[in-house]
Amino acid sequence: MAAKMAAEETKQTALGGKVALVTGATRGIGAAIAAELGRVGATVVGIATSTAGAERISAQLAEQKIAGRGAVLDVTDSAAVADLVAQTTADYGAPTVLVNNAGITRDTLLLRMSAEQWSEVIDTNLNAVYRLCRACLRGMTRARWGRIINIGSVVGGMGNAGQANYAASKAAVAGFSRSLAREVGGRGITVNTVAPGFIDTDMTRALDPPQREAMLAAIPAARFGEPQEVAALVAFLASNSAAYITGETIQLNGGMYMA
Ligand code: NDP
């Protein structure tokens, strides 16, 4: 009786009964997104590249009393992506909320950029979005409900010296999202891009102090963003209240770039 009441209560929350797949959930923005989607009722499968990372995600979800688990996946491995989505569907039901958050940088000026630095970034930040969307679309189409939220970047709009590979991948994700939004809009599936500015995570902590200072000076809000601020927007886009928002790129950058 108590379990039934708890299940009913969960269904009444924003994402109760939904299964959410979040890539890059070990830390930074992805960890905050996994926690927030879980807080509003979703069962969460959070992706890590290592077993230790997946175990940490499982422990964090359990601590927050969120259903789901961590899972190991390299988003550049097409066969593994298909397997992970099939396994998630078997364990919990088809994921109908997909957050493509995993991302990397390999910064350098173009003249010095190796073919590997170019391809690694495109494969992780862009090709993986194609792979995961394709793998999840069938389930969303069957459910006639779906939410795809791709994490882009302010750099995809502005450009940034030393990040031609990264900017290309993030701008492409926004174009991809607009196209897919047009393909699947009639099936209750929305596809949006969230484009954060500078958020306080490992990725931006890796910048040297002069770079951080220069960036701070360009932000009207006069601070870096917090991962939770990105997570709150993602949770809204995943909710029923956002059903009429699709194909958008939503900027979240403290005013540093007003598109
Ligand atoms: P972090 O560097 O803190 O974390 C990156 C995450 O991506 C980790 O969970 C990592 O997993 C995962 N990841 C990397 N490569 C792979 C792979 N091949 N397969 C699966 N997972 C992988 O990043 P942030 O939290 O800062 O950024 C998250 C997203 O937000 C990225 O797409 C980034 O481009 C974007 N973004 C970030 C901004 C910022 O200021 N921080 C600004 C704008 C956009 P693991 O821990 O297992 O290595």
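Both ligands and their constituent atoms are indexed starting at 1 by order of listing. Note that these values count all heavy atoms, side chains included, but never hydrogens, waters or copies made by symmetry.
- Judged as a side-chain hydrogen bond (donor to acceptor under 3.5 Å, both in side chains), and not counting sequence neighbours, Thr49 has no contacts.
- Around ligand 1 you find Gly24, Ala25, Thr26, Arg27, Gly28, Ile29, Ala48, Thr49, Leu73, Asp74, Val75, Asn101, Ala102, Gly103, Ile104, Thr124, Ile151, Gly152, Ser153, Tyr166, Lys170, Pro196, Gly197, Phe198, Ile199, Thr201, Asp202, Met203, Thr204, each with a heavy-atom distance below 4.0 Å.
- Sorted by first and then second residue, the salt bridge (Lys or Arg N to Asp or Glu O under 4.0 Å) pairs involving residues 94-117 (not counting sequence neighbours) are Arg106-Glu120.
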Only distances under 3.5 Å count here; give the side-chain donor-acceptor pairs of residues 213-235 to other protein atoms, sequence neighbours excluded, each with its distance to 0.1 Å.
{"unit_1": "Arg223", "atom_1": "NH1", "unit_2": "Glu229", "atom_2": "OE1", "d": "3.1"}
{"unit_1": "Arg223", "atom_1": "NH2", "unit_2": "Glu229", "atom_2": "OE2", "d": "2.8"}
{"unit_1": "Glu229", "atom_1": "OE1", "unit_2": "Glu226", "atom_2": "N", "d": "2.9"}

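- Other residues, nucleotides and ligands contribute more than 12 heavy atoms inside 6.0 Å of the CZ atom of Arg212.
- The closest side-chain donor-acceptor pair between Arg131 and Ser78 falls under 3.5 angstrom.
- In this model, no donor atom of one side chain and acceptor atom of the other lie less than 3.5 Å apart for Thr76 and Thr124.
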